[in-house]
Amino acid sequence: MSQATLIDGKATAARVCGRIGEFVAILSGRKPGLAVVLVGEDPASQVYVRNKKRSTEEVGMFSIEHKLPAETSETDLLALVQQLNADSSVDGILVQLPLPKHLNSNLVVNTIDPGKDVDGFHVVNAGKLAVGDPTALVPCTPFGCLVLLRDLGKSLSGQEAVVVGRSNIVGKPMAALLLSQSCTVTIAHSRTKNLAATCRGADILVAAVGRSEMIPGGWVKPGATVIDVGINRIETESGKTQLVGDVHFDSAVQVAGAITPVPGGVGPMTIAMLLQNTLRTFCIREGVAEPEPTLLGVPC
Ligand code: GUN
C-alpha cells in the first residue's frame, strides 16, 4: 500500500506567520498586543506560554506576560483580566488553562472582553460559531485544523467527517467548523458504541481525545484524511520520552490518503492561528481590513 501524503503543519504555520509578520511590519502606528496570563507553575503550560511569547515577538507583535503564583485569588485574577480588558494597547487576552482548582475557569474566561478573546473560548464566541456568525473568534486548534484541510485543495462539501472527542476547546468547535464547510459531521467520544465502525466511515477523521495512539490504522478508511490533534508524551522502551498523537501513525500512514504527523502537524498551527486571531482583533479595533485567512465560507 502506498504511503499517505504528510500534511506539513510546520510549513503552513510558517507561511501564515510570515504573512502576519509582513502585515505587522508595514503598520505605521502601534503594533498588535497579546497578553498571556499564566497562573501557577504547571511545566507544560510554562512551555506553551514561552512558545507563545517567542512567536508573538517573532511576528513583530507586542507581548505582555503576567505570571501569577498558584495561590492567586479569583478576585485578583478577575481584576487583572478587567485591567487588560481596559488596556487599549492589548488586542488579545489569553489565560492559559488549566487553572489551579480553586479558580473557576468559566468565570475567568467569560470575564475576558469577547472582542479580545483570541482563544475563542468565551460563550459569546462559542455561540457565534454555533450559529455560523462570521464575526466569531474561533478556537486556535480547530481553526488550524481547518486551515490544513482547506490547504489540501479538495472540496470539503458533502464529506463524511468524524471528530473523536467532544471538548469545548477542540471537539465541539471542530465539528461546528466542519459543518460550516458543509461536511456531514459526527461527534464520537468515549461512550460511542462502535467507535471503530464510526471512524471507518470517515472521509475526514479528526482525533482529539488525548489518549496515546488509541486510533489504529485499521479504523481508517482507505484514502481518508487524518488530522491528529493529540500531543501525548510516552516513554519508549529505551527510557526516552517521545511525543505521539491520538492516532497510531505507523499503521495509519499505510492506509490514509493524507495525515498530520506528531510533532509537526497540528501543533505549530495552534500558535499561528493565535497570532491570526490577535491580528484579527487588532484590525477590528483599529478599523483596518484584515488580511486572510478569515473563516466561515470566506477563504482561509
Ligand atoms: N491549554 C491548552 N491549550 C490551550 C489553549 O489553546 N489556550 C489556553 N488558554 N490554554 C490552553
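In listed order, ligands and their atoms are each counted from 1. Values reported hereafter were calculated over all heavy atoms of this structure, with side chains retained and with hydrogens, waters and symmetry mates removed.
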N/O separation below 3.5 Å, Pro98 to ligand 1: no
Can [X] and [Y] be counted as having a side-chain donor-acceptor contact under 3.5 angstrom?
| X | Y | value |
| --- | --- | --- |
| Thr198 | Thr192 | no |
| Gln46 | Lys67 | no |
| Gln181 | Arg150 | yes |

Heavy-atom nearest neighbour in the protein, as seen from atom 1 (N) of ligand 1, with distance rounded to 0.1 Å: Leu97 O, 2.8 Å
Heavy atom of the protein closest to atom 11 (C) of ligand 1 (residue, atom name, distance): Gln96 NE2, 3.3 Å
Test item, Thr141 contacting ligand 1 (heavy atom, 4.0 angstrom): no
Phe121 near ligand 1 by a heavy-atom separation under 4.0 Å: yes
Options Asp119, Leu274, Leu38, Ile271, ranked by nearest heavy atom to atom 6 (O) of ligand 1, top entry: Asp119
Shared hydrophobic cluster, Ile169 / Val37 (ILVMFWY, side-chain heavy atoms < 4.5 Å): yes
Element-labelled atoms of ligand 1 that are located less than 4.0 Å from some non-hydrogen atom of Leu94: 9 (N)
Presence of salt bridge, Lys221 and Asp203, under 4.0 angstrom: yes
Under 3.5 Å donor-acceptor, Ser155 side chain and Ser157 backbone: yes
